[in-house]
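Here is the structure we will look at, set down as structure tokens.
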Protein chains: 2
Amino acid sequence: MPSSPSPRGRRPDPAVDAKIRSAVMDLLLQRGLEVTMDEVAAHAGVGRASVFRRYATKRDMLLDALAQMFDIQIAIPDTGSLTGDLRQVVVDTLAAWQDDRVAALSRQILGETGRDPAVADLVRTSMRDRMARTWAVYDRAIERGELRPDSDLWLLTDLFAGLVAYRGLLSLDLPDPDEIVRSLLYGFAPAGR
Amino acid sequence: MPSSPSPRGRRPDPAVDAKIRSAVMDLLLQRGLEVTMDEVAAHAGVGRASVFRRYATKRDMLLDALAQMFDIQIAIPDTGSLTGDLRQVVVDTLAAWQDDRVAALSRQILGETGRDPAVADLVRTSMRDRMARTWAVYDRAIERGELRPDSDLWLLTDLFAGLVAYRGLLSLDLPDPDEIVRSLLYGFAPAGR
DNA sequence: AAGTATCTGATACTGAAAGTATCATATATG
DNA sequence: CATATATGATACTTTCAGTATCAGATACTT
């Protein structure tokens, strides 16, 4: 089958695409998910109809923007020890939540997962991808004997992600990175078991 | 100052109060937070105005309903060991999330937390109260030497609450209760540290 | 008993915002 | 040149929260 049925009339203007995309990103960071389509069009300097020609619904527009946002690479630490690597991940994550705008938007996105399964899908997939990319850290740790080989790594990562999400959503302070790492690796029972 | 300035006209009908309250609870479980005020009035068999006379905004109405929901007592286990007590808490919590309607509503409430600070306040306060009520479990455990005396108990409880909230929001399966308890108490490092 | 304030259900109105429709104009294919 | 689609502008439709008004009911005050 022919891949391009040869488009007939005037082609969509890529400049308009770009203007809309960047307006959405801008407004998302400025004012969170509660943005009106008129605002987007106005901020992009573009006709309202052109926005709706690209996205059938506001939800589609936001999903596209969120997918972009999650599509940023994350650094994989290699400090030589699991404690060091984990600490790095924790510190980086906590640092991101320090930015008020990032924190506010993260809260809203997490919140949206509770109402829209498609957002939940997006977040779930993105988080899993991201975490799977740090698997190297755990592989090395198991080789070095710093991690039980039978560890449920998803549980490990989700305990941390969950803590951040939960406290973030409720605007509770996050504890010291070392405290977190220690709890995850050694638990709350007294030393020596 | 006089406590009651003596109300003049017709008094609000307690029966109407009750009908509205129960209609809200009903609809919340049936259809989640996305309920219209007309539906509430209709389902309660009550005039629309009577709803707005009691709650200035829909938000107020929902906050009142949520406060009621959180105001249910939770059993405090005392099995004789921290492992047993914790396991009980975990099992009970996971059981609640098994009910699809409870899960869906919990997701939505957690989600609302990301958009409305008042909801976040309510949830935070309720969760803290509830968890503080289980403090006895940890006091006993510390006495028995099953828990480090310097433990950050909020971190312990929030690691668990966070895991449930995070996986619940994203509709991910929760692990085996024993697995959770073991991770919290002993961590992911190999035995013997 | 009279007077007045407030509740009650019913109904209509206002305003915001998503989504649809239409139009004149611009730009691309054939 | 003919046709098809994009563009911005503008107006319309629908849904829903919140407001306003009304006639009738109820309870307090004098």
Side-chain angles (χ1 to χ4, degrees), chain A residues 2-24 26-28 30-66 108 111-112 115-116 118-119, chain B residues 2-24 26-28 30-66 108 111-112 115-116 118-119:
Chain A
S3 55
S4 300
S6 76
R8 275 301 292 268
R10 177 173 177 178
R11 314 275 302 282
D13 187 344
V16 174
D17 290 34
K19 278 193 280 185
I20 293 177
R21 276 240 163 88
S22 104
V24 173
D26 246 44
L27 290 173
L28 273 186
Q30 260 179 53
R31 345 197 341 166
L33 297 183
E34 284 165 29
V35 167
T36 70
M37 298 302 264
D38 298 83
E39 280 174 332
V40 171
H43 195 270
V46 135
R48 184 180 153 66
S50 289
V51 180
F52 276 104
R53 236 173 256 117
R54 287 171 175 70
Y55 305 103
T57 69
K58 177 180 180 178
R59 183 168 158 273
D60 289 350
M61 186 184 73
L62 295 182
L63 278 173
D64 183 67
L66 294 189
Q108 289 200 357
E112 208 58 20
R115 345 174 72 215
D116 187 341
V119 176
Chain B
S3 55
S4 301
S6 76
R8 274 301 290 270
R10 177 174 178 175
R11 312 274 304 281
D13 186 345
V16 173
D17 290 32
K19 279 193 280 187
I20 294 176
R21 277 239 166 91
S22 104
V24 174
D26 248 42
L27 290 173
L28 274 186
Q30 263 180 51
R31 344 198 339 164
L33 295 182
E34 283 164 29
V35 166
T36 70
M37 298 303 263
D38 298 81
E39 280 173 331
V40 171
H43 195 270
V46 136
R48 188 180 149 69
S50 289
V51 180
F52 277 105
R53 237 173 255 117
R54 286 169 175 72
Y55 305 103
T57 68
K58 177 181 181 178
R59 184 169 158 271
D60 288 351
M61 186 184 74
L62 294 182
L63 279 173
D64 183 67
L66 295 189
Q108 288 200 358
E112 206 57 21
R115 348 171 70 212
D116 186 342
V119 175

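To find a chain, count down the sequence lines: A is the first, B the second, and so on, and within it residues start at 1. The shown structure was predicted, so the numbers you read here are calculated from the model rather than taken from an experiment.
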Taking only residues two or more places apart in sequence or in another chain, which ones pass salt bridge (charged side-chain N to carboxylate O under 4.0 Å, His left out) with [X]?
X     : answer
A:R11 : none
A:R10 : none
B:R48 : B:D38

Spacing between B:F52 atom CZ and D:dC16 atom P, to the nearest angstrom
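That distance rounds to 13 Å.
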
Distance in angstrom units between B:D13 CG and C:dG9 P, rounded
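Roughly 8 Å, once rounded to whole Å.
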
Members of residues 36-48 of chain B that approach DNA chain C, where some heavy atom sits under 4.0 Å away:
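The answer is B:V46, B:G47, B:R48.
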
Contacting residues from residues 53-61 of chain B, given that a heavy atom lies under 4.0 angstrom of DNA chain D:
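DNA chain D contact set from residues 53-61 of chain B: B:T57, B:K58.
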
Residue whose nearest DNA chain C nucleotide is more 5′ - B:G9 or B:V51:
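The residue whose closest nucleotide sits nearer the 5' end is B:G9.
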
Identify every side-chain donor-acceptor pair in residues 13-22 of chain B under 3.5 Å, counting partners at least two apart or on other chains, and give the distances.
from: B:D13; atom 1: OD1; to: B:A15; atom 2: N; distance (Å): 2.8
from: B:D17; atom 1: OD1; to: B:R54; atom 2: NE; distance (Å): 2.6
from: B:D17; atom 1: OD1; to: B:R54; atom 2: NH2; distance (Å): 2.8
from: B:R21; atom 1: NE; to: B:D64; atom 2: OD2; distance (Å): 2.9
from: B:R21; atom 1: NE; to: B:Q68; atom 2: OE1; distance (Å): 3.1
from: B:R21; atom 1: NH2; to: B:D64; atom 2: OD1; distance (Å): 3.4
from: B:R21; atom 1: NH2; to: B:D64; atom 2: OD2; distance (Å): 3.1

Side chain to side chain contact (heavy atoms under 4.5 Å, CB included) against A:Q30, all qualifying residues, sequence neighbours excluded:
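A:D26, A:L27, A:H43.
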
Please name all residues satisfying side chain to side chain contact (heavy atoms under 4.5 Å, CB included) with A:R59, sequence neighbours left out, ordered by chain then number.
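Side chain to side chain contact (heavy atoms under 4.5 Å, CB included) list for A:R59, sorted by chain: A:T57, A:L63, A:D116, A:A118.
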
I want to confirm an ordering. Mapping B:R11 and B:A49 to their closest nucleotides on DNA chain D, which one lands closer to the 5' end?
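It is B:A49, whose closest nucleotide lies nearer the 5' terminus.
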
side-chain hydrogen bond (donor to acceptor under 3.5 Å, both in side chains) with A:R53: which residues, sequence neighbours excluded?
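Partners of A:R53 under the side-chain hydrogen bond (donor to acceptor under 3.5 Å, both in side chains) test: A:S50.
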
